[in-house]
Structure formats: structure tokens, C-alpha cells
*Asks:* 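Next up is a structure, given as C-alpha cells.
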Amino acid sequence: MKELFSLCTVRKKMMLLSKLAGGALIFSYILSTELSVSEDISLLVWLGFIVLLVLGMDFFMSRFITKPISKLNASAKRMADLDFSAPCDLVSTDEFGELSASLNTMAENLQQTLARLEDANTKLEKEVKKEKALLAERKELVDSLSHEMKTPLGIIRAYADGLQDETDEVKKQKYTQVIISEVEHMNNLIITLLDLSALESGAAELNVTRFDFVELVETVAGRLLIDAPDTDFELQYELPEQKVFVRTDRRRMEQVLDNLIINAKKNISPGGILQMKLAADTGMIHFSLFNQGKTIPENALSKIWVKFYRDSSAKYSGSGLGLSIVAQILSMQNLPYGVENQADGVRFYFSIPAAD
């Protein structure tokens, strides 16, 4: 019974207003005719009642219908423009109140859906960029391998053809050794290039451990410099007497030292000086390697870290990847490194923080 007679719908409110208006109109007419005044004045009084009745109806129509519709329309326009910052603040127990609540629920659901879509689009864009980067890296890898394989394959083809027609056993043995050497060169090139690609793409991660960096330098230098049978240079070195520990990937730092020392040995002049220094200073370890010999053209100092860069005057040797791997490993750790020309040679250097 309470719900039946309550004003919880616009229809019931309008019916009540129309009935009240009709009753007021009849009551005002009867009241105006019962007045002891002339007929003209009675008509004017009745017209006055009608004006007040119309104004009252306008007020209630504005309150119950016009204003709610305006608020709902404004909220709907904002939502149509995807602006969900201000919900509809219409509060009532009729259909307009229900519509306001439905609009706010829809806006909240749309906002959550759009947020999920934006997250999905962001992830998709990242995946697309990653896929494009991988495709570019694969293309670069294939192009690089194709370019670098031409020379060793050409040599292998030439010596293989010569091997077929050669009867001299000494020459056949020599041709065979050349072919084996070129195959080993291609194998090392492929392994090195794949390793560099893994470093550049982030597929290879650093295995960080704590170790004595002085001991590592002594081990690498002993293997490549002191114990080398083809030594044709004067080795000078300065190393700390005490242990100096670092936290980094030992194998990768061994790669760095290997490539820097091999590069220095290739470019040192016969009988020249190869000077290696390792110094600890204010929490940092500074490594430098100087080889006496031909300097690097100033316009090429930044290019030597690029893959496959070689001095145009150099003979066919090496892969052109050693210094690229050095740069990539040091860059991954944000370690400062560089190269500089000196009066009679070239100095490579890098620094690494000391560990407690």
C-alpha cells in the first residue's frame, strides 16, 4: 500500500500535479464566483488564480522534469566525449534517479574498460616494437654473416678447386691447412657474432660474482702476452700488489681483456712497447693498455667500436667484432671506457668500481 501511494515515479508525480491543478482550478472558479463583487472583478480574480496556478505548475515541472533532464543530458554529453571525471549528481527515487545511477555505472564500467584497453594497447605496442627489433636484428645478422662469409668462402672455393687438380702432396697438404683454417675462422666468426647479438638484444645476462680483478688480469696477460711463443715486443706492466675485488661477470670481463690485448698485439709495431697498467683509486679500478705503433685516424676513433669496422689499410684478418663486444659488455654495466691516440701509439682504457 505504501509503494502504491508513494511518489516514486514521474508518472505518479505528474498525475498528482494534474489532479491538484484541476482541483485548484475548480476551487478558484467557485471561490471567485462566490465573491460579493462585480462579474468583471470576479473574472480578474479567477485569472489571477490561473496565473499563480500556471507559475506553480512551471515550478514543479521544472523541479521534477526539466532540471533532471538537463543534468542527465549534460552528463550524457560528457560521457559521449569520454569524460568520466564528473559523475551525474542527480539523486531521486524516480526513473530519473535510476537513469542517473545507470549512467554512472555505465561510465565507471567504460572507464575501466578503456583503461584495460589502453594497457592492452601499450603492451601490444611494446610487443610490436620488440618483434620489429628482433626482425631487424635477424636481418642485420643474416646480412652481416652473408657479407663476412664471402671472403673465407671464396678462399675455400679457390683452394678446393686447386686441391682437385694438384698432384704435389706438399701443396695438397698446404691447401688442406688453408681450408681448415678458413673453416675455423668462419666458425669463430659465427659464434662471436651470435654472442654479440645476444648481448645487444638483452638475451644474454651478466652472471655477477665477486672475484679478484688483479688475479684475472695476471691470468689473461700470462696466457696472451708472457707465455705467447710469437712475442715480438717489449712488455711493461704495473699491477697492484694487493688483491682488489670487483662484482661483475668474470667470463665477460675476461672477454674484454682478451679482445683488448689481442687487438693491441695485432697493432703493435715490431719490437715496440706494450704497456699494461692497473691502478686502484678512490673506490675505482682503472685499466689501461698502450701499444706502440700506428695511431688511429681521428675520424675513426669512434668507429672502431662498430661491428665489422676495419682499417681500410689492414689486411684480411680478424672479424671486426672484438672491440664491439668490449663496448657492449662495458656499456651493459655503465662502465666508462675509451681510446686515445698518444705520441707514438694508442691507449685503450676502462674503469670498474671496486667491491668491499
Side-chain angles (χ1 to χ4, degrees), residues 192 195-196 198-200 202 204-228 231-269 271-296 298 301-306 321-356:
T192 304
D195 188 33
L196 179 58
L199 288 170
E200 291 175 337
E205 298 181 353
L206 297 176
N207 181 25
V208 178
T209 59
R210 183 176 180 270
F211 61 92
D212 179 11
F213 197 70
V214 178
E215 184 268 334
L216 176 64
V217 173
E218 288 177 337
T219 301
V220 176
R223 171 167 47 84
L224 295 176
L225 298 176
I226 299 174
D227 300 333
T231 300
D232 186 19
F233 54 82
E234 179 186 344
L235 175 61
Q236 300 176 359
Y237 61 92
E238 296 179 18
L239 301 177
E241 295 182 0
Q242 72 280 10
K243 294 182 178 181
V244 182
F245 290 92
V246 295
R247 289 186 182 277
T248 182
D249 189 316
R250 182 187 177 96
R251 185 176 71 86
R252 292 299 182 184
M253 292 309 296
E254 185 173 351
Q255 273 186 287
V256 170
L257 295 173
D258 278 348
N259 289 329
L260 288 178
I261 292 174
I262 290 171
N263 179 75
K265 286 176 64 177
K266 284 181 182 178
N267 293 283
I268 194 171
S269 57
I273 296 173
L274 192 149
Q275 187 179 69
M276 182 174 61
K277 291 184 179 180
L278 186 64
D281 175 36
T282 61
M284 296 292 290
I285 302 174
H286 306 287
F287 175 87
S288 68
L289 187 66
F290 168 80
N291 65 270
Q292 195 172 37
K294 183 181 175 182
T295 58
I296 302 172
E298 290 297 324
L301 282 174
S302 60
K303 298 177 183 177
I304 63 172
W305 310 106
V306 179
L321 296 174
L323 293 180
S324 297
I325 290 179
V326 170
Q328 185 62 38
I329 292 173
L330 296 177
S331 297
M332 287 174 66
Q333 305 174 77
N334 297 317
L335 301 179
Y337 67 93
V339 58
E340 63 180 9
N341 285 321
Q342 295 192 343
D344 56 348
V346 180
R347 186 178 80 96
F348 285 83
Y349 59 89
F350 69 86
S351 298
I352 182 170
D356 296 333

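Computed from a predicted model, the values in this text were never measured in an experiment. Note: hydrogens, waters and symmetry copies are ignored here, and every other heavy atom, side chains too, is used.
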*Asks:* Does F348 have any ring-ring contact (aromatic ring centres under 6.0 Å, His included) partners at least two apart in sequence or in another chain, and if so, which?
*Replies:*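 Listed in chain order: W305.
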
*Asks:* Grab the two heavy atoms, one from E205 and one from D249, that are nearest each other, plus how far apart they are.
*Replies:*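 In terms of heavy atoms, the two residues are closest at O-OD2, 4.2 Å.
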
*Asks:* What distance do I261 atom CD1 and L274 atom CG have between them, rounded to the nearest 0.5 Å?
*Replies:*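 The CD1 atom of I261 sits 8.0 Å away from the CG atom of L274.
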
*Asks:* For a 4.5 angstrom cut-off between non-hydrogen side-chain atoms, does S331 reach Y337?
*Replies:*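 The answer is yes, as the side chains (C-beta and beyond) meet within the 4.5 Å cut-off.
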
*Asks:* Please name the pair of heavy atoms, one in A264 and one in N291, separated by the smallest distance, quoted to 0.1 Å.
*Replies:*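 The answer is O-CB, 3.7 Å.
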
*Asks:* Mind checking side chain to side chain contact (heavy atoms under 4.5 Å, CB included) for E298 and listing every partner two or more places apart, or none if nothing turns up?
*Replies:* L301, N341

*Asks:* Over all heavy atoms of both residues, which pair between L335 and P353 is shortest? Give the atoms and the distance, please.
*Replies:*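 Looking at all heavy atoms of both residues, the shortest contact is CD2-CD, 3.6 Å.
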
*Asks:* Please set out all donor-acceptor pairs under 3.5 angstrom arising from side-chain atoms of residues 208-222, sequence neighbours excluded.
*Replies:*
{"from": "R210", "atom 1": "NE", "to": "D356", "atom 2": "O", "distance (Å)": "2.8"}
{"from": "R210", "atom 1": "NH2", "to": "D356", "atom 2": "O", "distance (Å)": "2.7"}
{"from": "D212", "atom 1": "OD1", "to": "V214", "atom 2": "N", "distance (Å)": "3.1"}
{"from": "D212", "atom 1": "OD1", "to": "V244", "atom 2": "N", "distance (Å)": "3.1"}
{"from": "E215", "atom 1": "OE1", "to": "R250", "atom 2": "NH1", "distance (Å)": "3.3"}
{"from": "E215", "atom 1": "OE1", "to": "R250", "atom 2": "NH2", "distance (Å)": "2.9"}
{"from": "E215", "atom 1": "OE2", "to": "T219", "atom 2": "OG1", "distance (Å)": "3.1"}
{"from": "T219", "atom 1": "OG1", "to": "E215", "atom 2": "O", "distance (Å)": "2.8"}

*Asks:* Once rounded to the nearest 0.5 Å, what's the spacing between atom CD1 of I304 and atom CD1 of I296?
*Replies:*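 I304 atom CD1 to I296 atom CD1 measures 4.0 Å (nearest 0.5 Å).
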
*Asks:* With sequence neighbours left out, write down each residue that passes side-chain hydrogen bond (donor to acceptor under 3.5 Å, both in side chains) with Q333, or none if nothing qualifies.
*Replies:*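 With sequence neighbours excluded, Q333 shows a side-chain hydrogen bond (donor to acceptor under 3.5 Å, both in side chains) to T248, given in chain and number order.
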
*Asks:* What verdict does the side-chain contact (heavy atoms from CB on, under 4.5 Å) test give for K265 and D232, after you've listed the backbone C-alpha separation in whole Å, the side-chain angles of each residue and the deciding distance to 0.1 Å?
*Replies:* CA-CA 9 Å; K265 286 176 64 177; D232 186 19; over 6 Å; no

*Asks:* Could you list the residues that satisfy salt bridge (charged side-chain N to carboxylate O under 4.0 Å, His left out) with R251, not counting sequence neighbours?
*Replies:* none

*Asks:* Does any part of the side chain of F350, heavy atoms only, come nearer than 4.5 Å to the side chain of L260, both counted from C-beta?
*Replies:* yes

*Asks:* What pairs with R347 under side-chain hydrogen bond (donor to acceptor under 3.5 Å, both in side chains), at least two apart in sequence or on another chain?
*Replies:* E340

*Asks:* Which value, rounded to the nearest 0.5 Å, describes the distance between L330 atom CG and I325 atom CD1?
*Replies:*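 Output value for this atom pair is 11.5 Å.
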
*Asks:* Do any N or O atoms from the side chain of Q292 and from the backbone of I273 form a donor-acceptor pair under 3.5 angstrom?
*Replies:* yes

*Asks:* So, the side chain of S324 versus the backbone of V306: is there a donor-acceptor pair under 3.5 Å, distance only?
*Replies:*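 The answer is yes, because a donor-acceptor pair under 3.5 Å joins these two groups.
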
*Asks:* Would you mind listing every side chain to side chain donor-acceptor pair (under 3.5 Å) that reaches into residues 254-263, with sequence neighbours excluded?
*Replies:*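 Listed by first then second residue: D195-Q255, R223-E254, R223-D258, R252-Q255, N263-N267.
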
*Asks:* Only pairs under 3.5 Å count here: list side-chain donor-acceptor contacts from residues 282-290, not counting sequence neighbours, and write none if there are none.
*Replies:*
{"from": "H286", "atom 1": "ND1", "to": "S351", "atom 2": "OG", "distance (Å)": "2.7"}

*Asks:* Please, which pairs that meet salt bridge (Lys or Arg N to Asp or Glu O under 4.0 Å) have at least one residue in residues 275-286, sequence neighbours excluded?
*Replies:*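 For residues 275-286, and leaving out neighbouring residues, there are no salt bridge (Lys or Arg N to Asp or Glu O under 4.0 Å) pairs at all.
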
